[in-house]
Protein chains: 2
Amino acid sequence: MDTPRNDTRQRILDAAEHLFMAHGYDATSMRLITGEAGVNLAAVNYHFGSKEALAQQVFKRRLDWLNTERLRVLDDLEARAKGKPLRPSQIVDAFFGTLLRMAADEDRGGQTFLRLLGRTMGGPAGFIGALFAEEYADVVERYKAALFRALPDVPREEIIWRFHFMLGATSYAIAGTDALQLVTDWKTKKKKDSDSSAAYLQARLMSFLLGGLRAPLPQFD
Amino acid sequence: MDTPRNDTRQRILDAAEHLFMAHGYDATSMRLITGEAGVNLAAVNYHFGSKEALAQQVFKRRLDWLNTERLRVLDDLEARAKGKPLRPSQIVDAFFGTLLRMAADEDRGGQTFLRLLGRTMGGPAGFIGALFAEEYADVVERYKAALFRALPDVPREEIIWRFHFMLGATSYAIAGTDALQLVTDWKTKKKKDSDSSAAYLQARLMSFLLGGLRAPLPQFD
DNA sequence: GTCTATATCATGATAGAC
DNA sequence: GTCTATCATGATATAGAC
């Protein structure tokens with residue numbers, strides 16, 4: 001009896017994740033998806049109901065894990081701090097570092113999903129926005145509150161903006177380097193350490209984010 | 001004889017810019033575009049040849065101006081510096097500040113184009129990537145060189161990464177705040193100064209970018 | 001649950017009258 | 001330059017046999 005045969009669902013999700021990443025949602029037809037998955041065209045509508053519902057499940061499968069993990073890490077940090085505010089670096093690492101560590105885990109979608117995520121978040125606010133809002137709401141609230149406590153001297157409005165900027169820098173870093181890659185020669189130079197490149201990216205991004213988060217307050221003049 | 005009647009071309013470009021921003025490239029049909037522009041369906045193919053060529057012109061119209069302006073500002077700064085390296089803040093403001101100042105200029109497309117740009121740069125690497133590479137190549141080279149001179153102690157590779165991160169934060173800031181707006185209550189609070197909000201955003205973003213650009217170097221351990 | 005075959009529709013593009 | 005009418009294509013979704 002091996003594995004119970006819900007294989008089809010998984011195969012469709014994997015193919016869709018990959019193809020959405022490569023060509024975008026609109027440009028990916030259900031024929032492409034079912035073709036790559038090796039299943040029948042009608043299977044998508046049987047298992048998911050529609051193409052849009054399929055896309056939602058593609059994201060939900062990964063985001064459920066990510067957000068649970070983010071909350072778990074934050075709970076852990078706060079328990080250990082015993083009521084004292086966390087350091088900004090801890091919070092940033094818990095939120096964005098957890099995201100980046102997904103990239104190293106192929107079972108969690110690896111870079112494929114992360115790049116898809118980065119691209120989708122910038123895209124037209126479409127159907128995915130609602131899902132994000134629903135999924136992220138409590139997590140973002142918790143992390144915002146932690147940042148407020150960690151940076152009592154920074155106006156809350158400023159923190160929210162900087163959180164937003166950090167999201168953008170991270171999305172871009174993840175979404176792939178296509179825009180600059182063409183202009184830059186880093187790809188050839190970087191070929192040697194493609195394994196540890198995720199770790200390098202993480203270290204680089206973290207120091208950038210923290211530098212921005214703790215920058216001197218802007219002067220409105 | 002009034003205005004010579006190339007009105008149609010402009011109307012199509014304006015409508016396409018607006019609709020691409022609102023719904024994305026794929027989801028915007030030529031019937032929608034010509035409908036909003038008040039011109040005939042066949043006019044797009046007559047004037048531009050194809051939908052894809054139209055999209056390229058939508059970007060080219062704005063980017064030609066933006067990149068020329070960026071070069072002009074950099075030339076000006078370097079002439080004034082008389083061989084001495086520029087300050088990082090000057091370079092960042094010349095590159096990203098010029099971009100943000102487009103948002104205040106309705107004749108240059110204003111926020112509409114800027115949001116479209118922010119969204120498209122994150123999207124699937126499609127046809128627009130080639131145009132960007134062609135348009136941006138010399139400008140990015142010039143700015144990279146200026147940053148190298150301004151930050152001689154920072155490894156060049158690190159500068160390139162941070163430039164990339166800055167692009168991401170800026171794209172996101174521009175592309176609109178949809179993702180966080182739902183979670184945050186800043187919209188109601190911010191209603192009062194919708195005029196000067198562009199100036200506030202610019203000041204906030206600039207201090208964030210500079211903080212990140214000058215952050216302590218990451219430790220790879 | 002899975003597949004074949006098909007219904008229904010919207011799209012980008014073009015030919016040709018004016 | 002502008003319009004109408006239309007073509008060819010590829011999309012999602014579904015009905016019904018197995």
Kindly write out the residues that satisfy side-chain hydrogen bond (donor to acceptor under 3.5 Å, both in side chains) with [X], not counting sequence neighbours, or none if the list is empty.
X	result
Asp64(B)	Lys60(B)
Asp93(B)	Arg101(B)
His18(A)	Glu36(A)
Asp75(B)	Arg142(B)

Output yes when at least one side-chain N/O atom of Thr8(A) is less than 4.0 Å from OP1 or OP2 of dT2(C), else no. yes
Kindly state which residues belonging to residues 38-46 of chain A come within less than 4.0 angstrom of DNA chain D, counting heavy atoms of the residue only, listed by number. Leu41(A), Ala42(A), Asn45(A)
Between His47(A) (NE2) and dG1(C) (P), how many Å, whole number?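 To the nearest whole Å, that distance equals 7 Å.
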Protein-nucleotide distance (Ile12(B), atom CD1; dT2(D), atom C1'), rounded to Å: 11 Å
Would you mind reporting whether Phe208(A) and Trp161(B) have side-chain heavy atoms less than 4.5 Å apart?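 Not in contact.
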For residues 65-74 of chain A, which residue pairs qualify under salt bridge (Lys or Arg N to Asp or Glu O under 4.0 Å), counting only residues two or more places apart or in two chains? Glu69(A)-Arg72(A)
Hey, could you give me each pair passing salt bridge (Lys or Arg N to Asp or Glu O under 4.0 Å) that has a residue in residues 11-22 of chain B? Not counting sequence neighbours. Asp7(B)-Arg11(B), Asp14(B)-Arg61(B), Glu17(B)-Arg61(B), Glu17(B)-Arg62(B)
Protein-nucleotides 8-11 of chain C N/O pairs under 3.5 Å:
{"residue": "dT11(C)", "atom": "OP1", "partner": "Ser29(B)", "partner atom": "OG", "Å": "3.4"}

Sequence neighbours excluded, which residues qualify as ring pair (Phe, Tyr, Trp, His ring centres under 6.0 Å) partners of Tyr143(B)? Phe95(B)
